2 protein chains.
Amino acid sequence: MMVETKKILEEKGIRATQQRLAVYQYLSSHKNHPTVEMIYSSLHPEMPSLSKTTLYNTLKLFSEKQLALALTIDGDEVRFDGDTSDHGHCKCRRCGKVFDFPLSSADMGTLPEGFRRESSHVYVWGICGDCRK
Amino acid sequence: MMVETKKILEEKGIRATQQRLAVYQYLSSHKNHPTVEMIYSSLHPEMPSLSKTTLYNTLKLFSEKQLALALTIDGDEVRFDGDTSDHGHCKCRRCGKVFDFPLSSADMGTLPEGFRRESSHVYVWGICGDCRK
DNA sequence: GTATCTGCAAAACATTTGCAATTCT
DNA sequence: AGAATTGCAAATGTTTTGCAGATAC
C-alpha cells in the first residue's frame with residue numbers, strides 16, 4: 001500500500017519522500033477538504049519533524065501535478081481535495097461543511113469566442129439538509 | 001448621476017458617504033475585476049484621505065449587501081465585480097485577463113439531498129482567443 | 001556523489017482590530 | 001447631538017524566502 005502510493009507519486013515525476021507520502025496518504029483518506037492547518041495538526045504528532053514550509057511546498061507541488069485540487073471556496077483559506085475528478089463543491093453557511101456534488105456533463109455556459117477551457121471549479125453556497133431540519 | 005448613485009446605496013440601507021460613493025462609482029465604471037490594490041491605486045490620487053481600512057470596510061459591506069461580488073478565482077487575491085447578475089468568470093493563464101460569460105440557465109449539477117442553494121460561482125481557466133492566435 | 005528536499009528563522013503580504021477624531025443626518 | 005464612519009498604527013495570520021544541513025537515488 002505504501003508501495004502503491006510511492007508509484008503514484010513517481011509516475012507524476014515526484015520524488016517520493018517520507019513527507020510527501022504522508023501528505024498524499026492523508027489526502028487519500030480524508031475527504032473532508034482539509035485546510036493546511038488541519039493537515040498539519042493531524043500529521044505533526046506522528047511526524048514531529050514535518051514543517052509547515054514543507055507542507056506548503058508539497059501541497060503546491062501536488063496541485064501543479066494534478067494530484068490534488070486547491071479549493072478557494074472561502075477567500076480566506078485554501079482547502080485541498082485529493083479527488084481530482086470533475087465535481088463541484090458546496091458549502092453550508094450554517095455548519096460550515098463542504099460537500100462534493102457531481103457536475104452535469106453538459107455545458108455550464110458559453111465561454112467567450114475562442115477561449116479554450118482547461119479546468120474549472122464550481123462553488124455553491126447555501127444551507128445543507130441537516131441544518132434545515 | 002451622483003444623485004442616482006446615492007439613491008442606490010440608500011435603497012440598500014447603506015449610508016452614502018463620499019468614500020462609499022467613490023468606490024461604488026469606480027466599480028460601476030471598471031468592469032475589469034479589480035483587486036483591492038487596483039481600486040486603491042486608482043482612487044487614492046484623487047482622494048488622498050481614502051484609507052485601505054475604509055476600502056476594505058466598504059468592499060466587505062458591498063459584498064454583504066449584494067452591491068458587488070467578491071471573486072476568489074485566484075486563491076491569493078480577491079477581485080471585485082460590480083455586476084452582481086448571475087454569470088461565470090474565466091481567466092486566461094497566459095495574459096491573466098478575467099472575462100465574464102453567461103451561465104446556461106439549466107442546472108449545473110445535482111446538489112446533495114436537501115441542500116438549498118443561495119448563490120454560486122463558476123470559475124474556468126484556460127487560454128483566451130487572443131493568446132491562441 | 002550530487003542534485004533535490006527539508007526545516008528553521010525571518011521576511012513579506014494581505015487583512016483585521018482598537019480607538020480617537022471626524023462626518024452624517 | 002448622537003450614532004455611524006473614517007483612518008491611523010499596531011496586531012494578526014498566512015504564505016514565501018534564504019540558506020545550511022539532511023535525504024534520496
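In what follows, chains carry the letters A, B, and so on, assigned in the order in which the sequence lines appear, proteins first and then strands, with residues in each chain numbered from 1. The model shown is predicted, which means the values in this text are computed figures rather than measured ones. Values below: every heavy atom of this structure, side chains too, minus hydrogens, waters and symmetry copies.
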Is I127(B) reachable from V122(B) through a run of I, L, V, M, F, W or Y residues, each pair having side-chain heavy atoms under 4.5 Å apart? no
DNA chain D nearest-nucleotide lookup for L50(B) and R15(B): closer to the 5′ end is R15(B)
When you measure from every atom of DNA chain D, which of residues 52-68 of chain B have a heavy atom less than 4.0 Å away? T53(B), T54(B)
In the structure I gave you, are the side-chain heavy atoms of H87(A) and L69(A) within less than 4.5 Å of one another anywhere? yes
Going 5' to 3' on DNA chain C, which nucleotide is the first and which the last to come under 4.0 Å of a heavy atom in chain A? dT4(C) to dA9(C)
Nearest heavy atoms of P34(B) and L27(B), plus distance in Å: CG-CD2, 4.1 Å
Rounded to 10°, tell me the angle between the two end axes of the helix from dG1(C)-dC25(D) to dT25(C)-dA1(D), each built from five pairs. 40°
For F99(B) against P112(A), the heavy-atom pair lying closest together: CB-CG, 3.9 Å
Going 5' to 3' along DNA chain D, which are the first and last nucleotides with any atom under 4.0 Å from a heavy atom of chain A? dT14(D) to dC25(D)
Hey, is NZ on K31(A) packed in by over 12 heavy atoms from elsewhere, all under 6.0 Å? yes
Nearest non-hydrogen partners of S41(A) and P45(A), listed with the distance: O-CD, 3.1 Å
By the ring-ring contact (aromatic ring centres under 6.0 Å, His included) test, which pairs, at least two apart or in different chains, include something from residues 30-61 of chain A? Y26(A)-H30(A), H33(A)-H89(A), Y40(A)-H44(A)
Which part of the nucleic acid does Q19(B) contact within heavy-atom distance under 4.0 Å: base, sugar-phosphate only, or nothing? sugar-phosphate
Does anything in residues 42-49 of chain A come within less than 4.0 Å of DNA chain C? Heavy atoms only, and list the residues if so. S49(A)
Check whether any side-chain heavy atom of F80(B) sits under 4.5 Å from a side-chain heavy atom of T35(B), and report yes or no. no
With a 4.5 Å cut-off on side-chain heavy atoms, are T17(B) and T54(B) touching? no
Would you mind classifying the nucleic acid contact of E77(A) as base, sugar-phosphate or nothing, using non-hydrogen atoms under 4.0 angstrom? nothing
